[in-house]
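Both ligands and their constituent atoms are indexed starting at 1 by order of listing. We use all heavy atoms of the structure for the numbers below, so side chains are in, but hydrogens, waters and symmetry mates are not.
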Amino acid sequence: MKKFVYGLSEGNKDMKDLLGGKGANLAEMHNMGLPVPPSFTITTDACKAYLEQGSEPEELSAQIDEYIAKIEDENGKKLGDPSDPLLVSVRSGAKFSMPGMMETVLNIGLNDASVVGLSKVTGNDRFAWDSYRRLLQMFGKTVLDIEGEKFEDVMDEAKSAKGTTSDLDLDAADFARIVERFKGIIKDETGKDFPQDSKEQLLEAMRAVFRSWNSERAILYRRQERIPADLGTAVNVCSMVFGNLGMESGTGVAFTRDPASGQQGVYGDYLQNAQGEDVVAGIRNTMSLADMERVDKAAYDELMGIMSTLEAHYKDLCDIEFTVQNKKLWMLQTRVGKRTAEAAFKIACQLVDEGKISEAEALQRVTGDQLVNLMFPKFDAKAEKKRIARGMNASPGAAVGQICFSSPDAVLAVNEGKKVILVRRETNPDDLSGMMAAQGILTSRGGKTSHAAVVARGMGKTCVCGAEELDIDVRARTMTLKDGTVLRAGAVISIDGTTGEVYTGEVPVVDPPVVQYFEGTLSEADIAADELVRAVDRIMKIADKTRRLRVRSNADTPEDAARARRFGAQGIGLCRTEHMFLGDRRPLVERLILAESDEEKAAALGSLAPLQKADFVEILQAMDGLPVTIRLLDPPLHEFLPSQVEMAAAHAVAQAKGHDLEADQKKIMAAVERMHEQNPMLGLRGVRLGLVIRGLFEMQARAILEAAAERRQAGGDPKPEIMIPLVGAVQELEIMRDAITKVAAQVSAETGVDLTDVPIGTMIELPRAAITAGEIAEAAEFFSFGTNDLTQTTWGFSRDDVEGSFFSNYIERGIFGVSPFETLDQGGVGRLVKLAAEAGRQTRPELHLGVCGEHGGDPQSIHFFDTVGLDYVSCSPFRVPVARLEAGRSSGTAEGSDFR
Ligand code: ADP
Ligand code: MG
Ligand code: MG
């Protein structure tokens, strides 16, 4: 016979799969000798069976009886006994705490007879009838699915009949009348009477908990969080203890440390004469835990003792729910508590200092996301500021700018060198250009999954959404505040995406101390004085010591390269060359594109070459001694020409004025038309450019190699690597490789510096490249996975088109928990990466492997890249510390940390 019910002494904290989080921790506390009311747990297996068959397993009822008998013995009372009833609560508890699960039903075991018994033994009429009406209300609402308002209306009527608004003014007779009316509601709504049989009440509540596993909210949450749908929930049945027996009773919540700052001390709230959620529901003012010492010293002292026992045992911050019944303390729940990013770092180090955890464990107590959180720019806390609204903190950061009410306005203003905040009621895909241009986005509608929120988070842009106090009139270009003040386009505002607050005027922005620390601008004394910075410093050192993966940065300029280096980058994984063809070099590129003869082409390339070389000299200097992977030109050339629309407009203007375009304008226009592509992303770009525009890649390779020679001659240690983008077939790579090898031989001969060992490799960013990676490795000394393009080409969607248009829809409906551009899609794109890494290494065991897509800075993706055995990840300079931390955490877990 399968065991579906566990007593407290039969469980422990590691049995969350079977007993749920709540049940496992109740058992753990019991076994530690802490005062937990007699309880038992019905397993997730019972839930799974119920959901499969539509009814509970046959043997369950008898097992429940057996455990009811046990807790009856322990309490010396019988469930539903008319003279002195044992009451129980029925509580849901899945492995992960999840929204959408059924709320707890208290006071099961009361009925028309036992309510009288309860009032006699407690000598408290009011308490007994209040408890019964609470049962009817909770049972009606959560088990029988009756609209909660129906019950609340009755409560309100009863109160107004007495001329009061507080429950406390209702007496036993009032509650007895309310009980009658509640029973009537249940009969009317379900056609059945409220079950008087206690066992039936318990079973009905249990079934409702089981069913709530498949509530719409729970399903959506699981889909988004990728929680498996087949875990099921456990059900905890706990003997009731009463915090509402008078002023010597009460209920409370507590933390063993401050979950906001990490400070050690006494944190929590207590409410006398209260039950269940009263303490968090805000019905009366609670007292701080410190004040509880005054009203009930003995229970308080016991609680303090228990808190330190729990910390010593769980070796972490715990949160706690407790109840005091007539001065006796009972523990109702504990778990390892949630905390802020700041607290996470501080607590991890405190626990090491207290000898509770090892350094390796400390590394597992913090996350890259928490580190990111500590690195967002902040508004200067000391600055004076005037808040005008509060919305949802949709995407963190602090942004200041002039109000712009439309995307075109925003783009225009930014082109004029202004900083703007895009202000809309809500955004839609047409706003993408404005969102990209803006410092931040503010909307008056929509929640955390609105278009604005999703897209802003994807872009890493500050966003406050759903600031409903603001009346935004996009046509009139005005934003009216609650107090009637009207702000017009151009007015400066500041938005805080971390808190959701909106201010008028410019609030000064500061780098948070953690960024100053990475920048190296803090003195030893500054570091010593700041507990948070000290903690970050310590954890980063542990991570660096632990990690196998190396961390490089994507950087196109010497400034970025230098910053990346300060942040701990061990080289550049991607140095793009396209921006080197913009600005005042654009005419040179135009000349190259328009060149008709080989001489003209050679001349155009010749004028670009020295400029390119100078670019590379500086970058190689900034990264002296560390590898720099330089990618040859990738985007389609027409990106360097005016757009077709611009040209057509110029043409129309010229014609309207009665003259024609100048001759070279005409040539450009013809070229634009000739080169126009329907799908530029899939057109003439990457290695295809190098093959078609003869001499282009050779020129770039020569510039790189000459720069390296110059650096070497100057006593430097340049380590360039030449990377060819968008290869799909080994033949493409072979042709380019031969050409570049020739150039290397020439430059070596010319300069006397041997450059023939400069590595030549390729990006893997097309499914075909991944699938034929074994062949490609014959011509490549390294692979760098371009996971942005690989995601686009694997899914067959272009990021610019889909992120703004339907991603929010996909996320709301749970198709993605998170955008595959943010976190690598392991099941699809990740499989290609793994396949290519393995095939490549089979051909060439020493093949060097890295990743340069944005996923290189994403925590979850980094763990994946580590498991697949890549040599390094490369990410934006700002993300380098995150990647170092997560690479450390990944190696740490591989060694088998026992945390949680
Ligand atoms: P949640 O999962 O929302 O935290 P709980 O099952 O912890 O829900 O129940 C909410 C509250 O109900 C508890 O914090 C506690 O105050 C009260 N409660 C639950 N079971 C009992 C019980 N057996 N005796 C007294 N109060 C209880
Ligand atoms: Mg709880
Ligand atoms: Mg690419």
Side-chain angles (χ1 to χ4, degrees), residues 8 16 19-26 29-30 34-42 67-68 71-72 74-75 77 79 85-110 118 122 127 130-131 134-135 137-139 141-143 198 201-202 205-206 208-209 212-213 215 217-218 221 233-245 249-255 268-284 286 303 318-326 328-338:
L8 291 177
K16 293 195 181 74
L19 304 179
K22 203 180 279 166
N25 285 320
L26 281 173
M29 284 200 288
H30 170 84
L34 304 185
V36 178
S39 306
F40 59 85
T41 302
I42 302 164
Y67 279 86
I68 290 178
I71 65 171
E72 284 177 340
E74 287 175 69
N75 283 291
K77 293 179 191 200
L79 185 63
L86 167 65
L87 306 186
V88 296
S89 62
V90 171
R91 319 166 68 184
S92 66
K95 178 175 182 183
F96 305 103
S97 82
M98 262 172 39
M101 297 302 294
M102 201 188 83
E103 282 168 33
T104 295
V105 180
L106 304 176
N107 306 331
I108 282 188
L110 279 175
L118 183 66
T122 55
F127 159 74
D130 180 31
S131 300
R134 284 182 194 246
L135 170 63
Q137 188 168 356
M138 283 186 272
F139 197 91
K141 185 174 158 212
T142 61
V143 179
S198 310
Q201 292 170 3
L202 194 157
M206 172 195 77
V209 172
S212 73
W213 178 256
S215 74
R217 263 177 77 207
Y221 183 80
T233 179
V235 177
N236 302 289
V237 178
C238 306
S239 311
M240 284 301 299
V241 290
F242 298 101
N244 52 342
L245 276 174
S249 304
T251 182
V253 294
F255 296 92
D269 295 295
Y270 182 65
L271 191 61
Q272 288 170 286
N273 196 12
Q275 186 175 50
E277 306 283 13
D278 292 356
V279 65
V280 286
I283 55 162
R284 273 180 278 147
T286 57
L303 182 64
C318 296
D319 71 24
I320 291 166
E321 295 173 10
F322 65 92
T323 281
V324 177
Q325 173 174 343
N326 291 330
K328 162 99 185 92
L329 177 67
W330 292 99
M331 299 300 293
L332 292 175
Q333 190 173 332
T334 193
R335 68 189 152 196
V336 167
K338 296 215 160 52

Heavy atom of Met101, distance to ligand 1 below 4.0 Å:
no
So which protein heavy atom does atom 1 (P) of ligand 1 come closest to, and at what separation?
Lys22 NZ, 3.6 Å
Under the 3.5 angstrom rule, does the side chain of Ser215 hit a backbone N or O of Ala218 as a donor-acceptor pair?
yes
Ignoring hydrogens and geometry, is there a side-chain-to-backbone donor-acceptor pair from Glu321 to Thr334 under 3.5 Å?
no
To the nearest 0.5 angstrom, please state how far the CZ atom of Phe255 sits from the CG atom of Asp269.
9.0 Å
Counting only pairs under 3.5 Å, give me each side-chain donor-acceptor contact of residues 94-107, with atom names and distances, residues two or more places apart or in other chains.
from, atom 1, to, atom 2, distance (Å)
Lys95, NZ, Asp17, OD1, 2.9
Asn107, OD1, Gln275, NE2, 3.4
Asn107, ND2, Ser131, O, 3.1

Distance filter under 4.0 Å to Cys238 heavy atoms, resulting ligand 1 atoms:
23 (N)
Reported CZ-to-CG distance for the pair Phe127 and Asn273, which is rounded to 0.5 angstrom:
10.0 Å
Looking only at protein heavy atoms, identify the closest one to atom 8 (O) of ligand 1 and say how far it is in Å.
Thr104 OG1, 3.3 Å
Closest to atom 18 (N) of ligand 1 (judged by heavy-atom distance), picking from Leu106, Leu271, Val36
Leu106
Please list, in chain and residue-number order, the protein N/O/S atoms closer than 2.8 Å to the Mg ion (ligand 2).
Glu321 OE1, Glu321 OE2, Gln333 OE1
Determine whether more than 12 heavy atoms belonging to other residues, nucleotides or ligands lie under 6.0 Å from atom NZ of Lys338.
no
For ligand 1, which atoms have a heavy atom of Leu332 less than 4.0 angstrom away?
15 (C), 22 (C), 25 (C), 26 (N), 27 (C)
Which of the numbered atoms in ligand 1 are under 4.0 angstrom from any heavy atom belonging to Gly276?
12 (O), 16 (O), 17 (C)
Working to the nearest 0.5 angstrom, can you tell me the gap between Gln333 CD and Asn25 CG?
8.0 Å
Heavy atom under 4.0 Å from ligand 1: found in Gln333's side chain, backbone, both, or neither?
side chain
Side chain, backbone, both or neither: the part of Gln275 lying under 4.0 Å from ligand 1 by heavy atom:
neither
What are the two closest heavy atoms between Ala254 and Phe322, and how far apart are they?
CB-CE2, 4.3 Å
Report the nearest protein non-hydrogen atom to atom 10 (C) of ligand 1: residue, atom name, distance rounded to 0.1 Å.
Glu277 OE2, 3.2 Å
At a non-hydrogen distance cut-off of under 4.0 Å, which region of Ser239 contacts ligand 1 (side chain, backbone, both, or neither)?
backbone
For atom 20 (N) of ligand 1, what's the nearest protein heavy atom and its distance?
Ser89 OG, 2.9 Å
Could you tell me which non-hydrogen atom of Thr286 sits nearest to which non-hydrogen atom of Leu271, and how far apart they are?
CA-CD1, 3.9 Å
Would you confirm whether Ser239, through its side chain, and Val88, through its main-chain N or O, come within 3.5 Å as a donor-acceptor pair?
no
Between Val241 and ligand 1, which part of the residue brings a heavy atom under 4.0 Å of the ligand: side chain, backbone, both or neither?
both
Name of the residue among Ile71, Leu26, Asn236 meeting side chain to side chain contact (heavy atoms under 4.5 Å, CB included) with Leu8
Leu26
After noting the C-alpha distance and the side-chain angles of Phe242 and Thr122, does the key distance pass the side-chain contact (heavy atoms from CB on, under 4.5 Å) rule?
CA-CA 11 Å; Phe242 298 101; Thr122 55; over 6 Å; no
What residue and heavy atom of the protein are closest to atom 14 (O) of ligand 1, and at what distance?
Glu321 OE1, 2.5 Å
Could you measure the distance from the OG atom of Ser89 to the CD1 atom of Ile108? Nearest 0.5 Å is fine.
8.0 Å
